[in-house]
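Heads up: the structure comes next, in C-alpha cells.
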4 protein chains.
Amino acid sequence: MMQAAVRIFAEKGYQAATVRDIVEAAGVAIGTFYFYFPDKETLFVHLYEETADFLLQTIGQSLNSRATMPKQYQTALNAYVNIAVYEPAIIQLLLIGGVGAVPALEEKRAAFRERLTQVWQRPLLQALDKNQIAAQNDRRTAEALTGAFDEVILNLLKQPDPGEDASNTVHDMTQFAIRATAYRGE
Amino acid sequence: MMQAAVRIFAEKGYQAATVRDIVEAAGVAIGTFYFYFPDKETLFVHLYEETADFLLQTIGQSLNSRATMPKQYQTALNAYVNIAVYEPAIIQLLLIGGVGAVPALEEKRAAFRERLTQVWQRPLLQALDKNQIAAQNDRRTAEALTGAFDEVILNLLKQPDPGEDASNTVHDMTQFAIRATAYRGE
Amino acid sequence: MMQAAVRIFAEKGYQAATVRDIVEAAGVAIGTFYFYFPDKETLFVHLYEETADFLLQTIGQSLNSRATMPKQYQTALNAYVNIAVYEPAIIQLLLIGGVGAVPALEEKRAAFRERLTQVWQRPLLQALDKNQIAAQNDRRTAEALTGAFDEVILNLLKQPDPGEDASNTVHDMTQFAIRATAYRGE
Amino acid sequence: MMQAAVRIFAEKGYQAATVRDIVEAAGVAIGTFYFYFPDKETLFVHLYEETADFLLQTIGQSLNSRATMPKQYQTALNAYVNIAVYEPAIIQLLLIGGVGAVPALEEKRAAFRERLTQVWQRPLLQALDKNQIAAQNDRRTAEALTGAFDEVILNLLKQPDPGEDASNTVHDMTQFAIRATAYRGE
DNA sequence: TATGAATGAGAATTCATTCAT
DNA sequence: TATGAATGAATTCTCATTCAT
C-alpha cells in the first residue's frame, strides 16, 4: 500500500490525492488504510521523509569518494538520474508532491531543500579548500546547482523514454557543474 | 478581486485556496465571484497565464538589447529579482501555486516552464552564433539555468528581508551564468 | 431547524442523533446545517444551555412569590408539568438528551443539575428561616426533591395522555414535598 | 472480559464505548469478543439486565425483613449506598450508561425503572396496610422516592470521597423517606 | 478457542457552485 | 450588478463486524 501511496502522491500531489485513490490503487478497502496509518497527513510526511532520506543518502554516498570534483558530481548525478529513470515516483514525490500542502509539510519540504543544497555544496567546499575552483559565493552556487539539476531531471522525465537520454543528461550536467564552478583541475 | 485572488492563490496554492478566502480578501460576496468568473479553475488558469505572460515579457524585453550576454543576463536577472522582491506573489503563484493542481493547470505549467527555458536560452544562442561561449548542449544549459535562477530566487524570498540581498543575488547569478556557459568575452 | 434539532436530540440523545436526522426533520440540506451552525456539538451545547436557562427561569420565577412554601412548590411544579406536557422535547432534551455525551456536555449537564437543585432548595431555605419546617439537611432534601420531581415527570410523560393526569401529578408532588420537608404551616 | 465491559460501559456510556476499548481493557483480541458475544448491543443488554437483577435483588432482599418501614428503608438504602461506593460502575451503568442508546435498550431501561419503583413501593404498601402512614397516592410516592434516592446517590458519587459521607447519606435519605411518607410509627 | 488483519457502511464536515431576490 | 442562503457531492475518518488462520 505504501508503494501505491507513493505513486498516487507523486502523480497528484498531497492535496489532490484522496485516500480513496490510494486504497483503490492498492486494491484494499478504506478501513485497511486506517488500520495501518493514523491519517493521510502522517503517511505522507512519513513517506516524504523516508524518500528524502533515501535520496540524500544515495547522493551523499556517491559524493563521499576521494575522487576529484568532476568525478564526484558525475557519480552522484548518475545515481540521481538512475533513481529518476527507474523510480520516477520518488523524484516526483519530492520535487512536486509536497508543494502547497499542509504547513507541517511545507516545513519538511524546506528542510529537504536545505539538506539537498548542502549535499551538493560539499564537493564545492572541498574543491575550494584544494584551490581547484575559483573563489565564489559557494552557498549560492550550491543553490543554483541544486535547482539546475532538478530542472534538468524533471525535463528528462517528461521525455517519452527518459532512460535513453540518461547518460547524456549525466554528462551534460556534469559539464555544466564543472563550468559553473570554474573548475580548473589539479 | 483579481489582485486578491493572486495573493490568496500565491499564499495557499490552488487547492487550499477557497473561493470564500478570495471573496473575503476582496471584500465582496460569493455571488459576485461567480458573476465575473465562471469558476475557480478558470480564474486560476487565467491568472496563471496572465502572470506568466507578464513575467516572460518582462524578462524577454530585458534580453532584447544588443548588449553582451553577461549584460543581458544581468539586466534580465535584475528584472526577475525585482519582481520577486516587490511582487513576491507573482513568483509564488508561478513557481509554487500551481503545482499538483488540476490537470488543466499542469499543462499550463509545463507550457510556462518551456517558454521560460526558451527565454533564458536566447542569449545562449546569440552567444553561440558569435562564438563567445564554448560549444555545449545549449538546450540543456538553458534548462539548468532556468532551474538555477528559480531556486536561488526562492531561497532569496525565504530570507527575512529579501530586498537587502537582492543586488548581491543578481550579481552572483550573473557570474554563475557566465561561468556555466563558459563565456569568453568578445 | 433549531426546533427540529431539539426534537431529534430529545428523541435520540446527542450521540445517536445524526446531523442527517436533523436536516431531514427540518427539510433542508446538510450544507444548510453548517451554514448556520459550526458543528453538531456547538449546536447541542447552545440548545442545551438555552433550554436549561428557560426551564430554570420559568421554575425560578414561579418560586419568587411571597407565598407559603406549599404554594410556591405548587405553582412551580405546575409550571414544570405544563412545560413537560406541552413541550415534552424540552424535558427530554434536558433530562435524557445530554447523558453520556462528550465531556463538554457532561459539564453543562452537571451545571444544570446543580442549578436545578439550588432552585428547588430556595423555598426550603426560606421556610427554615421562618421556622416552618423541621430542622434537616436542606441540601440533601433539595437533591432528593429534584430527583423526585424529575422521576415523576418522566413517568408522567410515559403515559398515553400526560395532559390528563397533569393536575393530579402537580397535586401529588406538592403533597410529597410538603410531607418530605415536614412542613408545619405558619 | 465482562467486568471490563461493565467498567467501560459505565465510564463512557453505550454509544461512546467501543468494542476496542473493551477488549483492550480486558487484554484480549477483538476476535475473542465476537467469539463470546454476538455483538456489542447484545452484550450491553445482557450486562444491563444482569446488573439490574443484582441491584433489584440486593435491595429487594434488604426489604424482606418483617422490620418497621423505617428500618426497611434504612437497611435497603444502606445496601444501595454500599454498592454505589464499592461498585460505582454498577450504578453508573444502570443510571447513566444506557441512556439515549439503541431502542432495545430504552425498553430494558424502562423495565428496570419500573421494577425499581415497585421495589421501593413495597414497604409503602405494607405500611399502608398496617395504617402506619397517611393515605396517599402510594404509586406516585414510590416514583418520587425512586428518583430521590437515585439523585442523592449520583450526587454522592460526584464527591471526591463518597465513602466518607455514605452513612450520613443513608441516614438523610431514610429520614427523607420517613417524612415523605408521613410515617407515624406503630 | 483465540487472533487480528481486513472490510465497508456510515458519520461529520468542507466547499464549489447555483439561483431567487 | 451584486448578494448570500441553500445545496449536495466529495472527503476524511471511525468502528462494529467478519473470517481465514
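Here is the naming used below: chain letters follow the sequence lines, and residue numbers restart at 1 for every chain.
- Scanning both residues, B:I83 and B:F54, for their nearest heavy atoms gives CD1-CE2, 3.9 Å.
- Only A:A17, A:T18, A:V19, A:I30, A:Y34, listed by number, bring a heavy atom of residues 17-35 of chain A to less than 4.0 angstrom from any atom of DNA chain F.
- On the nucleic acid side, DNA chain F has its first and last nucleotide under 4.0 Å of a heavy atom of chain B at F:dT1 to F:dG4, going 5' to 3'.
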_Structure string for DNA chain F in dot-bracket form, Watson-Crick and G-U at under 3.5 Å, | interchain_ = .||||||||||||||||||||
*Stepwise, does the side-chain contact (heavy atoms from CB on, under 4.5 Å) test hold for A:R20 with A:I8?*
CA-CA 10 Å; A:R20 187 166 295 274; A:I8 299 293; over 6 Å; no
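- We find that CZ of C:F37 is positioned 16 Å from C1' of E:dA12, with the value rounded to whole Å.
- In this structure, C:K12 and C:A17 approach most closely via the heavy-atom pair CB-N, 3.9 Å.
- In terms of the ring pair (Phe, Tyr, Trp, His ring centres under 6.0 Å) criterion, C:Y34 has no residue partners (sequence neighbours excluded).
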*asked:* Does C:R113 form a side-chain contact (heavy atoms from CB on, under 4.5 Å) with C:D150? I'd like the steps, not just the answer.
replied: CA-CA 11 Å; C:R113 298 306 299 173; C:D150 288 353; 2.8 Å; yes
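- At least one test fails for B:K40 against the ring of B:F9: distance under 6.0 Å to the centre or angle within 45° of the axis.
- Here the C1' atom of nucleotide E:dG10 and the NZ atom of D:K40 are 14 Å apart, to the nearest Å.
- The side-chain contact (heavy atoms from CB on, under 4.5 Å) test applied to A:Q3 returns no partner, not counting sequence neighbours.
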Distance-only check: which donor-acceptor pairs under 3.5 Å involve side-chain atoms of residues 84-99 of chain B, not counting sequence neighbours?
none

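- Here the closest heavy-atom approach between residue B:E41 and residue B:A104 is recorded as OE2-CB, 3.2 Å.
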*asked:* Under the criterion side-chain contact (heavy atoms from CB on, under 4.5 Å), I'd like the reasoning laid out for B:M2 against B:Y36: C-alpha separation, chi angles, the key distance, then a yes or no.
replied: CA-CA 10 Å; B:M2 289 175 66; B:Y36 286 104; over 6 Å; no
